[in-house]
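Structure, as structure tokens:
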Amino acid sequence: PLDGGMLFPRESSSREVKELNGLWDFRADGSPNRNEGFEKAWYKRRLAETGPVIEMPVPASYNDITQDPTLRDFIGWVWYEREVFVPARWISDEGTRVILRVGSAHYYSIVWVNGEKVTEHEGGHLPFEAEISSLIRRDPTKPCRITIAVNNTLTLETLPPGTIQYMNDRTRYPDGFFVQNIYFDFFNYAGIHRPVLLYTTPKVYVDDIIVETNFMDDTGLVRYKVSVQGAATATLKVTLMDKDGHCVASSNTPSGVLKVVDVKLWWPYLMHENPGYLYSMEVRQHAPVSETSTYEDVYTLPVGIRTVNVTKTQFLVNNKPFYFHGVNKHEDSDIRGKGLDWALIVKDFNLIKWLGANSFRTSHYPYAEEILQMCDRHGIVVIDECPGVGIKDIRSFGNSSLSHHLVVMDELVRRDKNHPSVVMWSVANEPASEMPPAEFYFKTLIKHTKALDHTRPVTYITDSNYARDKGAPFVDVVCVNSYFSWYHDPGHLEVIPIQLNAQFENWYGKYKKPIIQSEYGADALPGLHMDPPMMFTEEYQNALLQSYHDVFDQKRKQYVIGELIWNFADFMTAQAIHRVVGNKKGIFTRQRQPKAAAFILRKRYWRLANETG
Ligand code: GCB
């Protein structure tokens, strides 16, 4: 069980938010054992007093910001620091809690405030926070100095996993040489990737809200549970409002079911003329402080009312068959790496809607909450994936890896449980699921996830053989990746109809579960042309996609319930002989300009929307 609900920080009449984005002082610890920062306790003084610092933007990956190749490929601890003035009224009012929150930092983080450790966190894609109220009250005249050390080292027990390999042959490698091996295909960008902020709540506060929605005929049902922290007794008022701010249901108990007459359901994009309809659930809580005053806290949660169900052959949203025609993405762009960037986020949504895509998978880690909130508003359906990518080594199936994986699912479900856009959890991508320990591993992991959230189906994405995969018995939907005529039979497009048909028939024959083609694609260098098509040209990417689509069209009327292209956009990877400055399977370039394939998909997705929507 985790500590606290970690509701997304929102301003309200009782809560303030102060963003700490911008330039922070920064230093990478390049000492041979990467430990100088701890030995010399850099957090005790200003970072600039313990050595040279550079300016580093937050949020952003640090890798591509400078001209220094050692920083791009740095492995170990980097140190961030920033001083901030906390508003005097936050300090003087003892009834105010002040919380420091990091949206995400990759991979392991330790946080100090004025030299005192306030929290540490493992995992690069989920938020963490610490209450710092008493600390900042100790010396209200001083600015508050926030130090965050972040380590990107991956081991067999991290998610994603990796190994550190020391090269001790001095005839071939320089002294102290080591490399980070990874088993996944994207650059291991690091740093503070999402906003850092301070926010306040009253001492008695709304700590968590859980909603589960359903409907019967025209009546929406919102089952909710509010947890309040800081007081034994508090009075609550829960009000559900429609888009125009009219109250449609209310209650004054901490849990219950709100009934909404003439409900406006949350529908996916293109399935309804008014997709992404959100109600607002205002939770207003009062707790007496003294005879004359009370603490009041107000938190407003967007709520979409919808259901999700899976049958042997269909994925149902609001009891209507939903066909996933969409993309796999990455959080990735020039210069900022995996840093959250609003211009990029909005551009990507505009491209998704231009394509007529109705869904994406958060390959291969949880994306920023800000992105899921946009999905809620626009009706873009999400398969929410945890960072379980690259579980290839048998040692990554061990007990401590599994227990960490369970905690990551705890954190992911805690964070994303209330998003109507999230319709399914993916617990992993392309694990070595044919290995013997995979059976227990996935059985346990999926059972755990279902216990956390009984309302959503659970899957993981497989590229192993249907006859040998050991986790597939436990998933609700089979998600298969395949790269026919790319990694297998390269250049031979003619194999696709046979091999793809066999893939679907084998999986369905064995498991009788609906199938999503969760990845397929080909690299294409924009502007490279050949006819007849050759690999890496735009023509080959087009031809390959079209061959896949022909098979999808036969099977989607039976049990194939979705197709997600690999990938929405080109993205950075580690340097390797099969990667030319990154993975080029995007239908858009990394700068979000269309390749020829984007127009093929656009035509297809709009046609599918009209046929299935
Ligand atoms: C896959 C992986 C994805 C890779 C892709 C590729 O199967 O899931 O992370 O980027 O193939 O292009 O190799």
Side-chain angles (χ1 to χ4, degrees), residues 124-125 154 159-162 181-189 324 326-333 337-338 360-367 383-393 396 426-434 438 459-466 469 471 475 478-491 496 499-500 503 507 515-526 535-538 540-541 544-545 548 562-590 595 597 601:
H125 312 88
L154 301 179
L159 275 191
N181 298 315
I182 53 175
Y183 313 110
F184 52 87
D185 184 39
F186 53 90
F187 192 76
N188 190 32
Y189 277 114
F324 295 79
V327 299
N328 289 279
K329 289 186 91 267
H330 263 299
E331 289 182 317
D332 175 272
S333 74
K338 292 199 177 301
F360 66 81
R361 164 163 75 116
T362 68
S363 45
H364 294 307
Y365 37 80
Y367 293 177
I383 300 172
D384 200 354
E385 188 157 282
C386 90
V389 56
I391 305 177
K392 301 282 190 196
D393 189 298
S396 291
S426 163
V427 297
N429 178 68
E430 296 189 353
S433 46
E434 66 290 342
T459 190
Y460 69 88
I461 280 71
T462 183
D463 67 338
S464 81
N465 182 285
Y466 77 98
D469 192 291
V475 301
V478 170
C479 289
V480 188
N481 295 347
S482 59
Y483 287 91
F484 304 129
S485 94
W486 190 262
Y487 293 123
H488 308 280
D489 306 301
I496 292 173
Q499 297 188 2
L500 189 56
Q503 169 199 290
W507 279 102
I515 305 177
I516 295 177
Q517 180 77 38
S518 40
E519 285 182 29
Y520 67 107
D523 289 75
L525 296 182
M535 291 176 77
F536 293 101
T537 65
E538 296 198 33
Y540 194 89
Q541 188 182 34
L544 184 144
L545 300 186
Y548 264 80
E563 51 186 86
L564 303 176
I565 177 94
W566 191 264
N567 188 283
F568 173 74
D570 293 346
F571 57 92
M572 193 50 75
T573 64
Q575 301 186 62
I577 49 165
H578 60 296
R579 293 286 177 262
V580 187
V581 192
N583 187 309
K584 298 284 194 253
K585 293 192 186 69
I587 55 168
F588 296 101
T589 64
R590 200 180 192 210
K595 301 179 192 173
L601 281 167

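Whatever order the structure lists them in is the order used to number ligands and atoms, beginning at 1.
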Using a 4.0 Å cut-off on heavy atoms, what residues surround ligand 1? Order them by chain and number. Asp185, His364, Asn429, Glu430, Asn481, Tyr483, Tyr487, Glu519, Trp566, Phe571, Arg579, Asn583, Lys585

Look at the rings of Phe186 and His330 and say which category their plane angle falls in: under 30° parallel, 30 to 60° tilted, over 60° perpendicular. tilted

Are Tyr548 and Ser482 packed together at the side-chain level, in the sense that at least one heavy-atom pair is separated by less than 4.5 angstrom? yes

Under the side-chain hydrogen bond (donor to acceptor under 3.5 Å, both in side chains) rule, collect the residues that match up with Thr573, sequence neighbours excluded. none

NZ/Lys585 to NZ/Lys595 distance, rounded to the nearest 0.5 angstrom? 9.5 Å

Does the side chain of Asp469 reach to within under 4.5 Å of the side chain of Tyr460, using non-hydrogen atoms? yes

Relative to the ring of Trp566, is the ring of Phe571 parallel (under 30°), tilted (30 to 60°) or perpendicular (over 60°)? perpendicular

